[in-house]
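These notes are about the structure you will find just below.
Values below: every heavy atom of this structure, side chains too, minus hydrogens, waters and symmetry copies.
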There are 2 protein chains.
Amino acid sequence: MLDQDITLADQIFTRMRREIVAGQLPPGSKMSEPELARRYGISRGPLREALRRLESSSLVVRRPNVGARVVELSSEHLLDLYYLREALEGLAARLAAERMGDAEIAELQDLIARHERQVAQDHGLAYYQSEGDLDFHYCIVRGSHNARLQDLLANDLYHLVRMYRCQFAMSGPRAPTALREHAQIVDAIAARDGELAEILMRRHIRASRQQVEKRLNGELATPPPLTH
Amino acid sequence: MLDQDITLADQIFTRMRREIVAGQLPPGSKMSEPELARRYGISRGPLREALRRLESSSLVVRRPNVGARVVELSSEHLLDLYYLREALEGLAARLAAERMGDAEIAELQDLIARHERQVAQDHGLAYYQSEGDLDFHYCIVRGSHNARLQDLLANDLYHLVRMYRCQFAMSGPRAPTALREHAQIVDAIAARDGELAEILMRRHIRASRQQVEKRLNGELATPPPLTH
DNA sequence: GCCGCCAGGATTGTCGACAATCTCAGGCGA
DNA sequence: TCGCCTGAGATTGTCGACAATCCTGGCGGC
């Protein structure tokens with residue numbers, strides 16, 4: 001039909017990933033192969049393949065002869081993730097400043113301008129928690145022209161980040177600040193200053209991490225990680 | 001029997017990964033499922049699972065309805081890999097300096113001492129191209145106490161690095177230099193100087209990358225990438 | 001002579017069934 | 001009453017077979 005060239009296992013993989021990230025399949029819940037196969041109307045073959053791919057995306061954990069469960073979220077792993085992003089996206093920003101074409105940079109500037117209009121309109125409430133933030137980071141990563149970096153961040157880490165955001169109900173008051181930092185990074189890239197772009201991006205992500213750490217320490221009156 | 005708790009697909013996965021890295025399954029070669037299943041004496045089910053895991057390790061590429069091939073090596077992807085390692089292992093070194101226990105550091109120092117004795121004995125010929133180099137880096141990564149970073153480097157990237165080393169016949173005259181740089185990094189970690197450890201590690205990997213770039217540009221009379 | 005079309009063969013994707021393994025409840029003994 | 005062992009039940013791992021899809025070679029038309 002439209003894009004039926006995609007294999008059945010791929011469809012189920014994408015669908016289950018979306019449901020896990022959104023929380024419809026809650027963390028820690030057991031994923032019975034026969035049950036899921038009935039639920040999605042497929043056989044266990046493609047389903048197992050989808051589970052294997054979800055495992056390599058770190059969205060489910062499998063134990064041999066026991067089964068698969070949706071990954072359990074922990075504040076420790078969330079911080080691990082931020083450290084990784086700081087290093088990887090810092091690299092991406094540096095490479096983007098060195099490698100992006102002029103057209104790509106213009107597109108990026110346009111994206112930032114759209115975000116600014118949207119934030120001004122919404123009073124900056126729904127920027128950070130929406131897809132807008134990840135959109136920006138995704139553009140930078142794509143601009144790095146490093147296939148492996150792109151694959152790693154876009155196919156694995158960002159889905160995990162979105163999962164944490166949904167589950168931990170993270171939004172925070174960083175929306176206007178984040179947007180300003182984004183604009184600074186774009187300026188550095190437009191100026192072809194890779195070193196500065198890397199520094200700003202690392203600082204940007206470190207600030208997010210530090211805010212999460214504060215929240216986890218209970219220093220901020222924001223939604224707790226989860227209700228157990 | 002010994003460690004039969006491992007599932008059949010896991011055994012095949014590990015075995016095929018070893019053969020791909022060593023070059024027994026040459027890059028670009030087609031991996032027919034019936035043929036491989038006969039060859040390893042298993043069915044296509046576990047074999048497909050092993051192929052899927054090899055794909056997520058970037059050792060094979062699969063196209064729907066077409067099949068799997070051993071990944072093609074390219075100098076571009078090799079450089080991508082070095083950029084990633086520079087960022088990730090720099091992070092690992094910083095975290096290691098902050099988080100390693102005293103016992104772990106003593107172990108690391110012991111490893112370096114053993115390497116020094118070995119290099120003195122072998123006149124430094126076979127250090128860089130052996131597993132010794134990756135052993136060192138693996139210890140640092142383990143010391144980062146960041147599960148995701150550890151998983152990423154040890155389970156995926158290092159196998160790719162070893163594959164490139166085997167296929168490109170990379171050794172180079174960097175053996176004594178590399179060992180000296182390793183010792184400096186260990187000193188920084190022992191001094192709990194995370195910032196310095198990161199700088200030194202990044203410089204260490206960048207130097208390797210630059211040497212590879214020179215070689216790819218034909219400025220060094222060393223084995224060419226591959227004979228086509 | 002070159003390009004497009006078509007059938008043959010092989011390969012991959014998918015399915016249902018059987019065997020091996022784990023989990024959990026219940027009973028026995030100390 | 002607590003702990004260990006055992007057996008039923010369910011689940012995962014593995015296998016072989018069928019259907020859908022793709023590559024290869026040859027043929028006909030321009």
Side-chain angles (χ1 to χ4, degrees), chain A residues 1-20 24-72 155, chain B residues 1-20 24-72 155:
Chain A
M1 294 293 179
L2 288 93
D3 45 0
Q4 195 68 4
D5 54 342
I6 195 173
T7 186
L8 188 49
D10 283 331
Q11 299 177 23
I12 299 301
F13 167 70
T14 304
R15 180 169 171 186
M16 290 177 75
R17 182 173 65 184
R18 189 173 53 237
E19 295 185 2
I20 289 176
Q24 298 176 282
L25 292 172
S29 63
K30 181 130 181 35
M31 308 181 79
S32 163
E33 292 181 2
E35 179 189 334
L36 288 177
R38 277 199 313 274
R39 176 169 162 185
Y40 294 119
I42 60 170
S43 178
R44 276 182 54 213
L47 186 105
R48 281 174 67 86
E49 203 150 315
L51 283 178
R52 179 63 80 182
R53 293 184 59 179
L54 289 171
E55 182 191 23
S56 73
S57 297
S58 301
L59 289 175
V60 312
V61 289
R62 287 184 68 183
R63 284 195 323 176
N65 288 312
V66 172
R69 310 184 83 90
V70 180
V71 68
E72 296 266 10
N155 291 352
Chain B
M1 292 299 175
L2 287 93
D3 46 0
Q4 195 68 4
D5 53 341
I6 196 173
T7 186
L8 188 50
D10 283 331
Q11 299 176 24
I12 299 300
F13 166 69
T14 303
R15 180 171 170 184
M16 291 177 73
R17 183 174 62 184
R18 189 174 53 237
E19 294 185 2
I20 289 177
Q24 297 175 282
L25 292 173
S29 62
K30 180 130 180 37
M31 307 180 81
S32 162
E33 292 181 3
E35 179 189 333
L36 288 177
R38 275 199 315 274
R39 176 169 163 186
Y40 294 119
I42 61 171
S43 178
R44 276 182 54 212
L47 186 106
R48 281 174 66 87
E49 203 151 314
L51 284 178
R52 180 62 81 181
R53 293 185 59 181
L54 289 170
E55 181 191 24
S56 73
S57 297
S58 301
L59 289 175
V60 312
V61 290
R62 288 185 68 183
R63 284 196 322 178
N65 287 313
V66 171
R69 308 186 84 90
V70 180
V71 68
E72 294 268 9
N155 291 350

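- Atom-to-atom, CG of A:Asp10 to C1' of C:dG13 comes out at 11 Å; the value is rounded to the nearest Å.
- At the phosphate of D:dG13, OP1 or OP2 sits under 4.0 Å from a side-chain N or O atom of A:Arg48.
- Protein atom CG of A:Leu8 is 12 Å distant from nucleotide atom P of C:dG16, rounded to whole Å.
- Under a 3.5 Å cut-off, the side chain of A:Arg69 and the backbone N or O of A:Gly28 do form a donor-acceptor pair.
- Atom C1' of nucleotide D:dG13 and atom CD1 of B:Ile42 are separated by 12 Å, given to the nearest angstrom.
- Phosphate proximity of C:dT23 to A:Arg63: present, with a side-chain N or O under 4.0 Å from OP1 or OP2.
- To the nearest angstrom, C1' of D:dC23 lies 11 Å from CZ of B:Arg69.
- Neither OP1 nor OP2 of D:dG13 sits under 4.0 Å from any side-chain N or O of B:Arg44.
- Taking the side chain as every heavy atom from C-beta outward, A:Tyr40 and A:Pro46 never approach each other to under 4.5 Å.
- Picking from D:dC23, D:dG13, D:dT14 the nucleotide with the shortest atom distance to the side chain of B:Ala9 gives D:dT14.
- B:Glu33 has its CD atom 10 Å from the P atom of C:dT11, to the nearest Å.
- In this structure, B:Glu49 places its CD atom 7 Å from P of D:dG13, rounding to the nearest Å.
- Set against C:dT14, C:dC22, C:dG13, the side chain of A:Pro46 has C:dT14 as its closest nucleotide.
- Take the nearest nucleotide of DNA chain C for A:Gly41 and for B:Val66: the residue whose nucleotide is more 5' is B:Val66.
- Between D:dT12 and A:Lys30, a contact under 4.0 Å exists linking OP1 or OP2 to a side-chain N or O.
- The side chain of A:Thr7 places an N or O atom within less than 4.0 Å of a non-bridging phosphate oxygen (OP1 or OP2) of C:dT14.
- Backbone-only engagement by B:Gly67 is indicated by non-hydrogen atom pairs under 4.0 Å involving sugar-phosphate atoms exclusively.
- B:Ala50 and B:Ile12 get closest at one heavy-atom pair: CB-CG2, 4.1 Å.
- If you measure from atom CG of A:Asn65 to atom C1' of D:dA10, you get 13 Å, rounded to the nearest angstrom.
- Comparing A:Gly45 and B:Pro34 by the nucleotide of DNA chain C whose heavy atom lies nearest to each, the residue mapping closer to the 5' end is B:Pro34.
- For the pair A:Arg52 and A:Glu49, the salt-bridge criterion is not met [side-chain N within less than 4.0 Å of a carboxylate O].
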Step by step, work out the side chain to side chain contact (heavy atoms under 4.5 Å, CB included) result for A:Arg53 and A:Met16.
CA-CA 11 Å; A:Arg53 293 184 59 179; A:Met16 290 177 75; over 6 Å; no
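- The distance between atom CZ of B:Phe13 and atom P of D:dG13, rounded to the nearest whole Å, is 16 Å.
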